[in-house]
Structure formats: C-alpha cells, structure tokens
Visitor: 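Quick one: the structure is below, questions incoming.
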Protein chains: 6
Amino acid sequence: MRIRVINPNTTAAMTAVIGRCARAVAAPGTVVEAVTSPMGPASIESHYDEALAVPGLLAEIARGEAEGVDGYVIACFGDPGLSAARELARGPVLGIAEAAMRTATHLGRGFSVVTTLARTVGQAVDLTERYGVQRFCRGVHATDIPVLELEDPKVRGVIADACRAAVAADDSDAVVLGCAGMADLCHELSDEIGVPVIDGVAAATVTVQSLVTLGLRKSGRGEFASPPPKRYTGLLSEFATDGAES
Amino acid sequence: MRIRVINPNTTAAMTAVIGRCARAVAAPGTVVEAVTSPMGPASIESHYDEALAVPGLLAEIARGEAEGVDGYVIACFGDPGLSAARELARGPVLGIAEAAMRTATHLGRGFSVVTTLARTVGQAVDLTERYGVQRFCRGVHATDIPVLELEDPKVRGVIADACRAAVAADDSDAVVLGCAGMADLCHELSDEIGVPVIDGVAAATVTVQSLVTLGLRKSGRGEFASPPPKRYTGLLSEFATDGAES
Amino acid sequence: MRIRVINPNTTAAMTAVIGRCARAVAAPGTVVEAVTSPMGPASIESHYDEALAVPGLLAEIARGEAEGVDGYVIACFGDPGLSAARELARGPVLGIAEAAMRTATHLGRGFSVVTTLARTVGQAVDLTERYGVQRFCRGVHATDIPVLELEDPKVRGVIADACRAAVAADDSDAVVLGCAGMADLCHELSDEIGVPVIDGVAAATVTVQSLVTLGLRKSGRGEFASPPPKRYTGLLSEFATDGAES
Amino acid sequence: MRIRVINPNTTAAMTAVIGRCARAVAAPGTVVEAVTSPMGPASIESHYDEALAVPGLLAEIARGEAEGVDGYVIACFGDPGLSAARELARGPVLGIAEAAMRTATHLGRGFSVVTTLARTVGQAVDLTERYGVQRFCRGVHATDIPVLELEDPKVRGVIADACRAAVAADDSDAVVLGCAGMADLCHELSDEIGVPVIDGVAAATVTVQSLVTLGLRKSGRGEFASPPPKRYTGLLSEFATDGAES
Amino acid sequence: MRIRVINPNTTAAMTAVIGRCARAVAAPGTVVEAVTSPMGPASIESHYDEALAVPGLLAEIARGEAEGVDGYVIACFGDPGLSAARELARGPVLGIAEAAMRTATHLGRGFSVVTTLARTVGQAVDLTERYGVQRFCRGVHATDIPVLELEDPKVRGVIADACRAAVAADDSDAVVLGCAGMADLCHELSDEIGVPVIDGVAAATVTVQSLVTLGLRKSGRGEFASPPPKRYTGLLSEFATDGAES
Amino acid sequence: MRIRVINPNTTAAMTAVIGRCARAVAAPGTVVEAVTSPMGPASIESHYDEALAVPGLLAEIARGEAEGVDGYVIACFGDPGLSAARELARGPVLGIAEAAMRTATHLGRGFSVVTTLARTVGQAVDLTERYGVQRFCRGVHATDIPVLELEDPKVRGVIADACRAAVAADDSDAVVLGCAGMADLCHELSDEIGVPVIDGVAAATVTVQSLVTLGLRKSGRGEFASPPPKRYTGLLSEFATDGAES
C-alpha cells in the first residue's frame, strides 16, 4: 500500500517532520511518501495563502494518480483543497484536521484545538462545523506562533503552556494540535499535559490506511466523481489539463 | 463609485451578460466594470474547477486594489475565493450566492435555488449554512444544464419549468437563480412563475453599492486583515507576490 | 421612489434623528419620509410596549399603501410588527435589526450588538435566530441606558465604552447598534472604536432602496399574502378595517 | 385556584367550546374562567390579525391581575402576546401551542400538527423552534378550513382525514390539534386515528394548574419583570396605562 | 389514580425524601407510591452505575404494570431507562430531569442546573439536547457533593451558594435541581435565591398526573410499542422474561 | 495487540459472523477475540432489550480489563453501553454505529443507513446526533427483517433492494449497514449497488487498532474516568462489584 502525504506548503524541512510522524504509525507493509508542493507559499496562514497553495497540492494528487498511489493525506490543518482532491483521486483523501478532530471524538466528550496565528481560528471553527464535531470542540486557541517558527525549540514551552491553559479553560478531555508543523510534539505534550494530545498527520495516515484496508473509496457518482473536462486558459492551463485528464 | 464585477471563469461571452445585468441596477453615479478572469477554466462546475479559478480571481482583486476600485462582486454562484478576496480588498466584496440568498430572506419565509449541474448542489447547500440561510432555503434543484449552454435559447424553457416545479415542491415564496449565466433570465422568469426570481449579480451589485454608500468596509483586524507577506515558489510566484503586496 | 421610515414609538424627537440618518444615505431620486406612530408608548422597552406599539405602526403601513409608498423601514431594533407589515404592504418592508445584522455579516466573521436595557437582550437574541445570523452574532451587550436618554450627550461616552468592551470580550469584527435612537452615533463610534459600526436605520434604508431598484417585492402567495378580511370589534375596529382593506 | 382561559378572538361561541374543554380537565378545586377578548378580530388567521388581537388579550390579563387570578391560558394556537402577558402577570401564563407541543414530547418520538389555513403553517413552525420541539415535530399540515367554520359538523371528517394522513406521511406517534376551535374533537379523533390526539386548551389548563400547585411563577428579575411604566399616546392610551400599572 | 415514583438507586432513605416531595404536590385523589429499586447501586454517579440501575428500575415498571399503576416517575436526574420504561408501561412515564427542565421553560428565558459530581455534567447536557431545551439551559454546575451526602445538613449551604453563583454567572431566571436527593430543598432555596427553584420529583409527579387526567398515553405504534418477546440467557433471564410479557 | 469484539446479544452464531469480519481486516499482529455476552436477550430490537444487554456487555469489558485487552468493539448497531464501557476500559472502545457512520463521512457528502426493524430507526437517528453526523446521514431505512433472520439467504435480496432504494431516495454516496448481523454482506452489496457499503464491525476494528497504534486512550480525567466504587444490592451485586474494581 502506498500512501502519499502531501505538505501543501513549499517548506521542505516541514515535509521531513511530517514524513517522520506519518511513517512512525504506518503498518509494516505501508509505504509512506512525504512530498512537498511544487509551488505556492512557504506557509499557509491566511485564506489567500490557502487559495494559492491548492493548485500545487492538486498537481501532487494528479501525479499520484498517474503513479498508482492508494491514498493521500493533506498535511495542513486547514485541509486545503480537500473536496477538489477527492474529485481527482480514486482512493481515499484525508485532511489532518478532519482526522484529528474525528479521532478526538472517540476519546472523551470534549477537545480543545491549539493552533498558530489567531487569524486562522475562524477557519478551524468552520472545519468543526463541516465535519460535524462542533459539539465535541470546546475551543480553538491561538498561540500566535508563525508556522515557520514552530521548529524553534524555544516555542515548545509556549505550546505546552497553551495546551495546559486550553484544557483548564475548556474543561477538555483531549487536545488537537492545529498545525502539521506541531506533529512531532504530540507524545511529549501528552505526557506533560496528562490528557491525550492528537496529531492529525499520524491520525490521517492510519485512517487512510484503514480505508484502503477496508476497500473503501469515494463513490463514483455525484459530487465527488471525476471533474468534467474543461478548456483552461493562462498560467495554470497546462497543469490543469493534466489534472482533469486523470 | 467604481464596482468591479469579476467573472471568475474565462468565458468572455458570459462576462458580457453579467456586466449588462449589473449595470442595469447600478445607480447613475456608479461605474460598473465587468472583467473576465485572466486564467483558469472556461466554466466552474466542480470543486476542482473552483480551485483553479481562484488564483485568476484574486489577480483581478489585486489589480483592482492597485487601481482604486471601491468594491467587488464575485460573479459565480459558488462564491469562489470570497474569504481570500476579502483579505486582499479594502472595500466590500460580495459573492452572488451570498447576495441572492440574503436578498431572498427579505421577501418571504422560504426560497428555492435552481441551478446547473447536480454535482454542484452540495456546494450550494454548504453556502446556505455559511450564510445562515438554511432555515430560508427549502431546496436546491439541478437542471443538469452545463454552464456554457445557458446561452442557448432552448434551455430557457427547461429553467422555467424547473423554477415552477421547485416552487411547487418546496412551497417556496421565491426562487434564487443558481448561476451567473442565468442573470438575464430573472425578470421574464419572475413574470412566468409568479413569484420573485432573484439574480445574484444584480443583488450583489446593489449590495456592494449600498455598503460603499454606508462607508462600511471589512474590519482591519482579525481574520480578514491583509494577508501576511510570504515567499512564493513556482508557477504562481510572481503573481502571488503582487497580490500579497497590495 | 418613496420610502417611508416609521418610528413605531411616539417620540417625535427620535423620528427626527431617524429621518436625518435615513436621508443621509438615500440616493438622489429617493424620497425618505420619516413618520411617527400615531399611538402607543413613548419608547419600546418591553414585550408589552412592543405589543402596544404595533397597531400604530400598522396604521402607518396601511396609510402608506393608500398613498403609494414603495417601501418601508421599521425603525425600532426589535423589528416590531414586521410580519404583519409584510402582509399589508405591496413593496418591501425591512426592520432595522434585520438590516443591520445582515449587513454585518458581509464585513467579517463576527459582530457584537450594543443595546439599551438588559431586559431587551433576549429579544435581540431571538432576532439573530429568526434572521439566521446566530453564527455571526457573538454577543448582545446592554448599556442599561433607557431609550429616551440616548439623546443626552453624556451617555455617548458610555455607549462608546460599551462598544469597545464588546469588541474586546467577543473578539468581534464589527458592532451593530441596538436602538434606532443611536443611529446618529454610528460614524463617530466607528472612528473611535476602529471597527465598522452599523446603524440599522441607514442599513435598512439602502436595503429597501435596493429591493425597489431590483423590482423585488414579497411573493403574492402564501404566508405574506394580504390578510383575509375580518369583522373587528371594539377599540381598534375602525382602524383595523381600514388596514384589512388595503 | 382561579385559572383564566382567554380566547383572544372576539367570537363568543368559540369561547364556550374552549371553556368546556378546560373545565373538563381541571381539578375539583380549580375555577376555570373562560373569557372573550373585548376587542380585535373575529378569528386569528394572519400576522395582522394576531397583532390586532394582542391588545385585547393584554387587557384581559391586566383585568385578571386586578382580580387576583392565579394563572392564564392563551387559547389561540399562535400563542399571541405570550411574552407580553408574562410580563404583566404574576402567576404562570401558558399558550396552547406551547402546552400541546410540550405534552406531545412525553408520548413518543414525533408528532404532527394539523391546523387550519396554510398561511399559518409558518407561524406554527416558528413556535416549534421557540419551544425547542423541532426535533419532535415532524410536520405541520393545513386543512384550509377557516377558524370560524370549525364548528360545522361537516368539517370534522376533513380534520379526521388530515390527522390520519399526517400520521402516515410523518410516521408520527401523536397529533397536536392546531387551533383552539378544534379542542372538543380531541377524544373522538384519538379513538378514530389510533394515536394520542392532543388539544392545547386542556393541556395548557392542567399545566397552569400544576405550576400553581408547585408554587412556581415567573422570575421577578430580567426579561419578564413587570414592564417599565410609559407615557402612552392615542387610541390605546387609557387602556395601556392600566396595563402598565398592574 | 395511582402514580408510582421509582427511586432507581437502592438507598431507601432517599426514597423517603422523594415520596414526601411527590405526595406534597399530588391532588387529593392521587395515590403516590414511592418505591426503591430492588437491585443495583446505592447511588447513580456514572454511566456504569446507571447501566446497572436500569434493570432494577424496569423490574419495578413491570411490577407496576401487573398491579395496574397509572403512571410512573423515574426519580433520578439522569432519567435512566426512560425509553425502555416507556416501552413497558401502558401509561405515562416521566423522568425528573425531563419534567424539571420542561417546567423551567415556562418560567423565563433561561435556567441553570445545579447538580452533584462534575462527572455527571455531560449527561445533563445530553438530556438538554434530548428534550430540546438547550436554548433554555444556560449552564450545568457541579457542586461535587456525592449523592449520598446530600442529606447532610452542612451541604445545604454549599448548594445554596452554588445556586446563587449559577444565577449570577448564567444570568438565569430559574434554577433546576440536578438530583432527586435535593428535592426537599426546593422551597427554601427559592426563598433564599429569589428565583424559582425547580425540583424534578414534584414537577414529574404533577406532569404524570396531568397526562393521566388528559387520558394521554404513549402511542401503541412504533418505537415505544411493547418490546417484542425474546429468549433471555443468564443472570437476568427470569426477571427479563417477566418484563417482556407485561 | 489484542482487540476484543463483543457481541452484546447472546446468539453465538452471530458472534461467529462478527469475528470473521473483524479478523478479515485486522493487521497481521493483531489478535481479534470475538466473544458472546454471557447474559441478556438473544437479539437487541428495543430499548428494553438494550437495557438488559448492557450488564452482560460490561461484564465482558471488566473481564477484558482483567486480561489485558488493548481495545474493544461493541458489535451492535445501537452502540449499547458505550459510555459505561469507556469508563471501565483503559484502552479505546468503539461502537459499530459510531465507526461506520464516521467512516462514511470520509467517502462522500451523504450516506443512508439500512437497518432491521422500524422501531429501531429512532435510536439510529439519535446516534447520528450523538456522533455529529446528522449532516451526512440522509435517511435511516428499515427492512423489517428481525435480527435473527438475517442469516437466512433469502433476506439478502431484500437488503440489497433496500440499499438500492435508499441510495435513490436519499441521493446518497454510500450505505451504512445498520446491524452487526449484516457484516458479511458488505462487499457483495457494494458490488451490486455501485456505491461504498460500510460494515461497522470492520470499521470499528480498524479504528480501534489505529487508536492503539497511535497510543491514544480515553482521558484519565472527567466523565470517563473509572466509575467511583459503590455498594451494590441484589441480582447484579456480585458481578457489579467486580466491574467497579477494575
């Protein structure tokens, strides 16, 4: 089984972290391929960033389809391009927010999300609604640490403090980490905070693996059927045509 | 006052229809500029199309900001790129689904949406939730007419029949037309069906005009503040940098 | 185009403020007629006040219909009598809470309402539900200033402080003023607070104007069709018969 | 214990039916006083009718307060004036829609409402939301029988058929009768249809009686405290002052 | 009329309190029988306790059916076994949380619940959803007093303080007591706090009495029809067979 | 890794089917132990059955804890005793309705449930609410096949027809099988119907396996902490004490 974990920003160092966390939970027979988007912003911290990251992500999905990949993880907590990716891919595609938040619902009554910039909180709240987990999500808390500074060891204490404060303020049973760049903190944070801390990269990887094992893929009918072919103009035209053909 | 009405697909004939409908309702002092997206798909009928249409739309917003445009209409019923556009623009940005559905709430208890392909129905339902109009929207009905065939005079009868059937099935007080390409049908349909029929292009144009008159623009703080500057890689990099600077 | 802005309380000084704010935003060709209800309470601060204000409001709608008025604004934040007024009127009728709260949804993710007496908070919350804006409304805050003291220059500071506190407590992007008597404070408050501040009188006036421009009026069928004629008894009988005939 | 059951329309024949049904379920020590509103429409079939019925209803509440009545039933399925009545009254006030729909929730998973004119269906739906019984209410069905024709024996078969059809269409466990004028049909319909049929007049009477027995009355604080005194102008002024004093 | 009030825990002292409170509000002709569950935990403070309390409760319902009881109250705030009890019983069955929370909706806009252990708060929140009273319930507050210590006079002050704090924090109009063991505190707390305080034991008793008076019982069709007979194995088999036969 | 799949009814033939389906999807290193509840009803088709099945299920959880089991599947579509089981178990516990419905959300916009008796539909609807999947669940359809007749080869055609009809009526993207006894039909039905068909036994098994792999278990704090020890009386007392000790 081949699972492609796509980092939809263009920062390769973050892809390395993501790949490590995905591989750590995959079953022996599963090949995890962590790839970096070929174009777009270095990090995704606004609706604008997200909009410009999606074409690169979709290019990776299209390439994966050509190469026979079995399933995909979109490794950014905004789950950018998830619906479009599901149209392109034959196998399952999971976002890390989707996977992490759904996983949290199995562990207790309520979870808190701890994320990066305050301006992304609204997007996380929208996702709780999209995935039907509003009744489980008790709060989304920003640390105001930019995505690309997450690798700095000094910020780990800030994140741990934010997790602890979130659990207390929300009376939560678990914490969901709100950025792929936090993936490798999950075990040590769980030990420190005393409640389960969930990383979406790992959660999405095992969920995709499970769906492939179950033989489940999106329906061939309706909203997520292959997109109808189109005439494309301008900058994205060559790329897009490839996508539509898959 | 300058209002830019952006057709986010690349079909200029559709832009012409849109521009005509917007100008028909603008006040004397208002200049309506209808523009066609410089890149992307010829029509938007999937999540994939939408994802590839948004960069071109944002390029037009960025250009408009450089040129001092006062407000924008996104003339596609999926309201693609609305949040990202609000980050870029200083003045108001309205989607036509947003404007049409909100307008319908002032006219009666329930409305029906009549749209193009069945695969877009889910997107319209999502928008009713996003805008808080679920309790007013009684049904979304597909005609399965592709967007680019809407100009064919033969399909007008099909649309009229779909509107009539929707009102009967949903016991609705009004109909919202679910595609910018239907904009010019709104008055004749209203006469035929006997209930108000709402075109989002016109509705969004007068709403943007009203917001500019009221002196209202998005908050400078929070989620819709200008996006933070980023390093961009690959195909979109030159374009994107321009966007982020505005 | 003639728009009648009805003050449903009987305090003429408040009507003057309301008329000024409505005229300031109307288009050149639009005639704004601000009228005071002929009967009822001097201000509306309870369900009881509202119940006794509605007959006078409806009398003004009935008179407007006889005089060929094109649309109406109900200039009290509880939107009293809105459904009954829609039954009577041929053209659009907007409440100022409805218009202000809907307008706020175009400007950001969340707004706060700042209003008068604490006992009216529940009514404002009910309206957020009725109009489908609960997900945008982050809080309703009472100043406990009675309606008729709003003209006192000393209370302006109290209102400004309440707006500032509401934005901070709710992390809001905009403020909606919760009383027609605050209409003329909107621009200075917006400058002071640094977020858009929305007055429903102005918002409703431009919305009614837009609906008339679009040629949209309530459906002739269903819930908001003209009320069936009735035999009326007692105090309201002569008045009511007039209403029912229009 | 004295319970006043107020018919808010001015048709005394309907008051007689209502009184009979209320008395049939009251406990031995409870005095049920059925009264007819002193002014307003002969029946309530529109928002307009309701608006003009409320002042007369409130006059009866005010009179009841002066006379030491312990609790009130508002015997019209739209529950007109309920919030204002609660402000005026010291003891409990129940609407018949409120009582009937709440009662139905104790009997099964879902109920249907069978009512009079189609134009009142929206109002009934609003009440399900207000009382939090949407998840129990599976449908509101109009018979299009005007309120004042309910006494005609020929319409009973139409109502029975509508109840039977509603139970089948909604797969309901119970039927709520949507008009005080249907009160006396409840037992025979229940026998005919084979599911519980609930009349709000009886349900509200026993609920008020229970609340008085429990010693429960509205809170003296907040939204339902006595309305603040006001200066009243015009037609309702003398009446209104009395109301506010109580 | 015979109403059986079942204490689903096995602590007889608590049954005595419950019986006293139920009898105090029953009408002269109503016989209230307070019974203690024949098996299960001494108090119900977890999902596990509740699961093991339900068989004993159902045994009491089955016995009551054999003895011709007219209606039942389940006197534990989690309303354990309510749906199963409704399947077994011919007459009405009410839970005390159901009755107390519904009763509170007639008294004001919002109520607070004051309960025992923090671990039961989630269960109370689930019940607000089940009964459709989320919009009325403003908070559930734990005192962390174990159920069996409620009889200790020293804890009464703690409960009074918790009620007072809840009303202030939630800006509530009423308090619902979240344990049958608090039933006898309701009047003195109401006097101390100054808002209505509702005990579910009394509220459920009068509601069952009302339903019997109205001649209303669960529908014979659908979800709450008698359970289909089954073959039972092991510990519960003899008991269960009896239950299924009734 | 040891996963115990508990059949909460007492029919061993059904346990055999369940065990086969669970083992078919477990990873090589995972030991799946399918066990039959030691007491209770032969099948679960009412709230009453469910109530009497839960003690036996909990006995199996308690035994599993004593034996070091890593995680549990409750193999009945009503997810009986799930919260109590989570209190007892150290590792993850999943219900098959929970797992199947969550899994379906990854595959498309909407799913249908096809289940056994009509009287269980309400329970399934309750679970969609509990798990936050109402917006994905478009309908629950009963076949009225009793649980113990599912093994009869003749009913397979009835189930296939029901699945096909449900997809058409609901315009669904996937089908969830609403009974553990249907587990082995999932692949052939998927082939026949042309949309993904999801069996909760398999879905729950891989989900529990994933949670154990991720090192995630319920929070030690709050609602799902071990239940407080209690004194138990009567029939269940010896068993219950054992449970509480684990």
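Scope of the values below: all heavy atoms of this structure, side chains included, with no hydrogens, waters or symmetry mates. A, B, ... follow the sequence lines: proteins, then strands. Residue 1 opens every chain.
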Visitor: Between F:R109 (side chain) and A:F224 (backbone), is there a donor-acceptor pair under 3.5 Å?
Guide: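 Between the backbone of A:F224 and the side chain of F:R109 there is no qualifying donor-acceptor contact (under 3.5 Å).
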Visitor: Heavy-atom cut-off 4.5 Å, strictly under: side chain, backbone, both or neither for A:S172 against chain F?
Guide: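 A:S172 touches chain F through backbone heavy atoms alone.
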Visitor: Is F:R221 salt-bridged to A:D171, cutoff N-O under 4.0 Å?
Guide: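 Yes, F:R221 and A:D171 are salt-bridged.
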Visitor: Specify which of A:E223, A:R102, A:R130, A:H187 makes the most heavy-atom pairs with chain F at under 4.5 Å.
Guide: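 Counting heavy-atom pairs under 4.5 Å, the top option is A:R102.
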Visitor: Below 4.5 Å from any heavy atom of chain F, which atoms of A:L94 appear? Answer side chain, backbone, both or neither.
Guide: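 When you check distances to chain F, only side chain atoms of A:L94 fall under 4.5 Å.
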Visitor: Measure distances from A:A27 to the heavy atoms of chain F and classify the residue's part below 4.5 Å as side chain, backbone, both or neither.
Guide: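 For A:A27, neither part sits under 4.5 Å from chain F.
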Visitor: Could you check which of A:R86, A:Q209, A:R135, A:H106 has the highest count of heavy-atom pairs closer than 4.5 Å to chain F?
Guide: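 Between A:R86, A:Q209, A:R135, A:H106, the count favours A:H106.
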Visitor: Which region of F:L82, side chain (C-beta onward) or backbone (N, CA, C, O), has a non-hydrogen atom less than 4.5 Å from a non-hydrogen atom of chain A, or is it both or neither?
Guide: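 Neither part, no heavy atoms under 4.5 Å.
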Visitor: Testing the basics here: between A:L216 and F:V197, what is the closest heavy-atom pair and its distance to 0.1 Å?
Guide: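 Scanning both residues, the minimum pair turns out to be CD2-O, 3.9 Å.
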Visitor: Considering the options F:V206, F:L211, F:T207, F:L214, which one meets the side chain to side chain contact (heavy atoms under 4.5 Å, CB included) requirement together with A:V206?
Guide: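 Among F:V206, F:L211, F:T207, F:L214, the one that satisfies the side chain to side chain contact (heavy atoms under 4.5 Å, CB included) with A:V206 is F:L214.
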Visitor: What part of F:S83 is in contact with chain A, defined as an atom under 4.5 angstrom from a non-hydrogen atom: side chain, backbone, both or neither?
Guide: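 Contact with chain A: none, neither part.
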Visitor: What is the minimum heavy-atom distance between A:S219 and F:P196, and which atoms define it?
Guide: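 Reported closest heavy-atom pair: CA-CD, 3.8 Å.
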Visitor: In terms of heavy-atom proximity below 4.5 Å to chain F, should A:E129 be classed as side chain, backbone, both, or neither?
Guide: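 It is the backbone, since no side chain atom gets that close.
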Visitor: Let me know if A:F136 has heavy atoms under 4.5 Å from chain F in its side chain, its backbone, both or neither.
Guide: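 Contact with chain F is through the side chain of A:F136 alone.
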